[in-house]
There are 2 protein chains.
Amino acid sequence: MEAKANGPNNQDSGRVIHGPTNPMVTPLLTDLYQFTMAYAYWKAGKHQERAVFDLYFRKNPFGGEYTVFAGLEECIRFIANFKFTEEEIKFIQQSLPISCEDGFFDYLRGIDCSNVEVYAIPEGSVVFPKIPLLRIEGPIAVVQLLETPFVNLINYASLVTTNAARHRFVAGKSKLLLEFGLRRAQGPDGGVSASKYCYVGGFDATSNVAAGRLFGIPLRGTHSHAFVSSYMSLDEIIDKSLRRNDGSSTCEDFVSLVQSWLSKIQSLRGIFGETNQSELAAFTSYALAFPDSFLALVDTYDVMRSGIPNFCAVALALSELGYKAIGIRLDSGDLAYLSCEVRKFFCSIEKEFGVPGFGKMSITASNDLNEETLDALNKQGHEVDAFGIGTYLVTCFAQAALGVVFKLVEINNQPRIKLSEDVSKVSIPCKKRCYRLYGKEGYPLVDIMTGENEPSPKVGERILCRHPFQESKRAYVVPQQVEELLRCYWNGSSDKKRETLPPLKDIRDRCIKQLEQMRPDHMRRLNPTPYKVSVSAKLYDFIHFLWLNEAPVGELQ
Amino acid sequence: MEAKANGPNNQDSGRVIHGPTNPMVTPLLTDLYQFTMAYAYWKAGKHQERAVFDLYFRKNPFGGEYTVFAGLEECIRFIANFKFTEEEIKFIQQSLPISCEDGFFDYLRGIDCSNVEVYAIPEGSVVFPKIPLLRIEGPIAVVQLLETPFVNLINYASLVTTNAARHRFVAGKSKLLLEFGLRRAQGPDGGVSASKYCYVGGFDATSNVAAGRLFGIPLRGTHSHAFVSSYMSLDEIIDKSLRRNDGSSTCEDFVSLVQSWLSKIQSLRGIFGETNQSELAAFTSYALAFPDSFLALVDTYDVMRSGIPNFCAVALALSELGYKAIGIRLDSGDLAYLSCEVRKFFCSIEKEFGVPGFGKMSITASNDLNEETLDALNKQGHEVDAFGIGTYLVTCFAQAALGVVFKLVEINNQPRIKLSEDVSKVSIPCKKRCYRLYGKEGYPLVDIMTGENEPSPKVGERILCRHPFQESKRAYVVPQQVEELLRCYWNGSSDKKRETLPPLKDIRDRCIKQLEQMRPDHMRRLNPTPYKVSVSAKLYDFIHFLWLNEAPVGELQ
């Protein structure tokens, strides 16, 4: 699963572009119109014209006021390996009209990304609408071919990372967050991407073994309802012996030990009626397999009448042999109420049987959790320590796409603007630089875009930040710190210095740090304050000059 | 991209399991708990127990009353290749507690699916809640390992196929439906799956070149707004010559020909003001590249004041040289109104300049379309011939997951039931057979599940169909045709006959045919009638016998 080293310049100064490569990601993973356009550019002799495109999004997702940028490394790996095979060229030729000239396919045979430059915001950064996440410069025909794969690689990665970050924000720092979404994602690769980017967004672990292997993400998982249902009775357990944790002796009949603890619990707690025996058998069997890490799913039959007494009996039997059970998982019912009841039960066991730490045993909750249910649980009060989240997280149910766009902003050094009757869809022209300005308290205050050759904002110097489209919205800012956002991640075959692609853990750390650095009112779930995105006075004037020149003059009829 | 032939029995009697294999789909693409359970089964000596699992869903998506089943072929390919590599075994070993015994990893080394049987409903069938889409039988530890990949492969495939079918239903048979979702899907493979299954669900073509190559799906695409913006003026066009379509002569200055047609249109139609010259240059250049298949995106500046007159000038110039333009695409604005205005304009051009067929030129619409907007367009009246649909289609925005489950229904010939306080979550026990019963008018009437050894329903013989859980809901049916739903698609190393995996085109044909065969009231968008799903009287009694035996007896306190 190592990246092929067939791209130009895919390693230099020890900065290898490594990691797993998805073989689905070939230069054919693009829209047909990128090839028809490439042909038209080529036919017009325009294909080598130098173009600058911005990749950005227009609106933060999930009703929030921030987004986390992810997917950059996959884009850079894509261009490092960008080269058509002969078979791919043949397929493109079959897909275009037969009138297309052979010279074009010779041209395609020769292209790679050695003439392309990519500037980007570091992956894992908190980002905002309109600010380019990537600025891609190169021959127009080549850069157009990158549009669809780049948008594809960044749209979902950024969306699901943001979704994970939002779940983390609601859950709070102290909770363990587990991603359980593989079965609900858009196919195998959707599942692998989901696990990867949920980890970046602040989740602690995943159930997805393939993602664990590919990215070194911690893995979690115990058993399902089917495991419980697969047992009938304690008679099924043949090998009943369990060595004490300290190795000093062996308990020959762990099943009887469990049963005796169950009787004690039942008489002490005044519980009438039998607990479910298949469940007890399943828990006992699971504990025999994993005495060191016993965690049981307790809601197959009835949490408080069966699952919890059964679990406690097994956990106490383990405790007697020197093992410490981990805890339980709840996958149905009223999680707030049940978690509190379970905690009370655990505490009373700790007290009644004198087992230190029993009350603090871990409670994991799953079952269609999302931001809203986490928020509701917080409001009701709960005793959950860990959340397993799947469907709503990985499908981004609340908003299934980010709406990343890729717009031409300059060609042959001529700035280009895309107008629209909808102002939010007007693009910001010119090859630009972007800065984040920080205030006295260390919070980011505003992002500002300038023309490429304007002087950069300076610490301690007043600068006018203008809303790109609304004349009256503007503010002077005296930055205490200035951060240039777009950095060089790819410069083709040039020798110029470029950024290293950091390991996933560093991207995750960056994300967590950046989120903590934001002013809290931008981050809150209810009516968050929009973070300001601006342009320099000079760029403002230029946008409006172009706009007037390009827009058709209306006629009232 | 051919499937590896390393699985047991992955071809026999000429039925090769072929087609592209996603290398992400390895046996590690599963939840960790499948391995912890496998270990616990193994440790208890229970791993070889023969278990039967049903894979099904509980509720039709998108507020509808039907679902299309898809993803089967990918599941069968998965089990045909199911085998751990040594590297994978090592990773599993690292991921489990060090106390796990070596014998288990030797066991994992040896397993494959030669002892597994899969019965399934044919892919592309219309299916309903609770009826097993797949019945998987085999050693419990092995079958559990299949749960996550099977659910992953079927959940999204069935959901997006159903979504595509619903879009087709609203759009009507006569419209061309184009899938444009690659950039909004969950990563590369999500995009490839989306294109594949939208085609199965009744779409005509995709923009996704990789999907076109992998599955032979027709491709469509022309140009984007960036192509239009990349031109400044007609001066940029250097080679202005275009040969007549019949080859009889060459027009040396196509640009002037276009300009002269534009003047004629403007004077005849009384249009004042200039059309946008970058747009005119882009259209002219595109026509020079694709004179046979000219289709232009007309909304970069102003559809009626610029895009349409520019398009018509180029189309008329092409027509003079014997070429027939295809039409236009609208990507913004009021699509109902604009399409009608455009059609009127085309018809007036046909009349005024005597160009037969000009009025019938194709109008494609795109821009955040979904079922609701298609329905609204129908109600308002429109002149759109083709719809390009992306985000809402491939993300299944309206409902991003199907909720496929995988439940143990039998182990060691003992039926198992999974109870829940929520009746809709109670599983239907036993290894079952499933039938679709058809009425006099040829419509399917009801699906019925029976125990495996019950006699099958017979044509012309009255049979009682019972709601699985509600005592009062039952009906006698005299079927005119009986179709057994579950067929054998995998029987490990056995020599018994099994179904062939049909090519994608046949799956698509089946889907379209099955949808047409349904009674219209099940299919309508508003308040559709639920299709009935039932069990035999004998299975009903057995479910309720088990239920009473398993459920804890409550206590009113």
Student: Which label fits A:Y41 and B:F227: parallel for a plane angle under 30°, tilted from 30 to 60°, or perpendicular past 60°?
Tutor: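 The arrangement is tilted - the two ring planes meet at 30° to 60°.
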Student: Which distance, rounded to the nearest 0.5 Å, do you find between the CE of B:M37 and the OH of A:Y286?
Tutor: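 Result: 8.0 Å between the selected atoms.
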Student: Check each atom of A:Q34 against the heavy atoms of chain B and say whether the ones under 4.5 Å are side chain, backbone, both or neither.
Tutor: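 The side chain, not the backbone.
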Student: Are A:Y39 and B:F290 near enough that their ring centres are under 6.0 Å apart?
Tutor: yes
Student: Do B:V151 and A:R184 touch side chain to side chain, with heavy atoms closer than 4.5 Å?
Tutor: yes
Student: Would you say B:Q186's side chain and A:V394's backbone share a donor-acceptor pair under 3.5 angstrom?
Tutor: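 A pair under 3.5 Å: yes.
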Student: Heavy-atom distance under 4.5 Å to chain B: side chain of A:L182, backbone, both or neither?
Tutor: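 Both the backbone and the side chain of A:L182 come within 4.5 Å of chain B.
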Student: Answer whether the closest heavy-atom distance between the side chains of B:P97 and A:D292 falls below 4.5 Å.
Tutor: no
Student: Give, as side chain, backbone, both or neither, the part of A:E410 having an atom under 4.5 angstrom from any heavy atom of chain B.
Tutor: neither
Student: Any heavy-atom pair between the side chains of A:L28 and B:N208 that's under 4.5 Å?
Tutor: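 Side-chain contact under 4.5 Å: no.
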Student: Please state whether the side chain, the backbone, both or neither of A:S95 comes within less than 4.5 Å of a heavy atom of chain B.
Tutor: side chain
Student: Give, as side chain, backbone, both or neither, the part of A:F150 having an atom under 4.5 angstrom from any heavy atom of chain B.
Tutor: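 For A:F150, neither part sits under 4.5 Å from chain B.
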Student: Do B:S278 and A:R416 come within less than 4.5 Å of each other through their side chains, counting heavy atoms only?
Tutor: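 Contact flag for B:S278/A:R416 side chains = yes.
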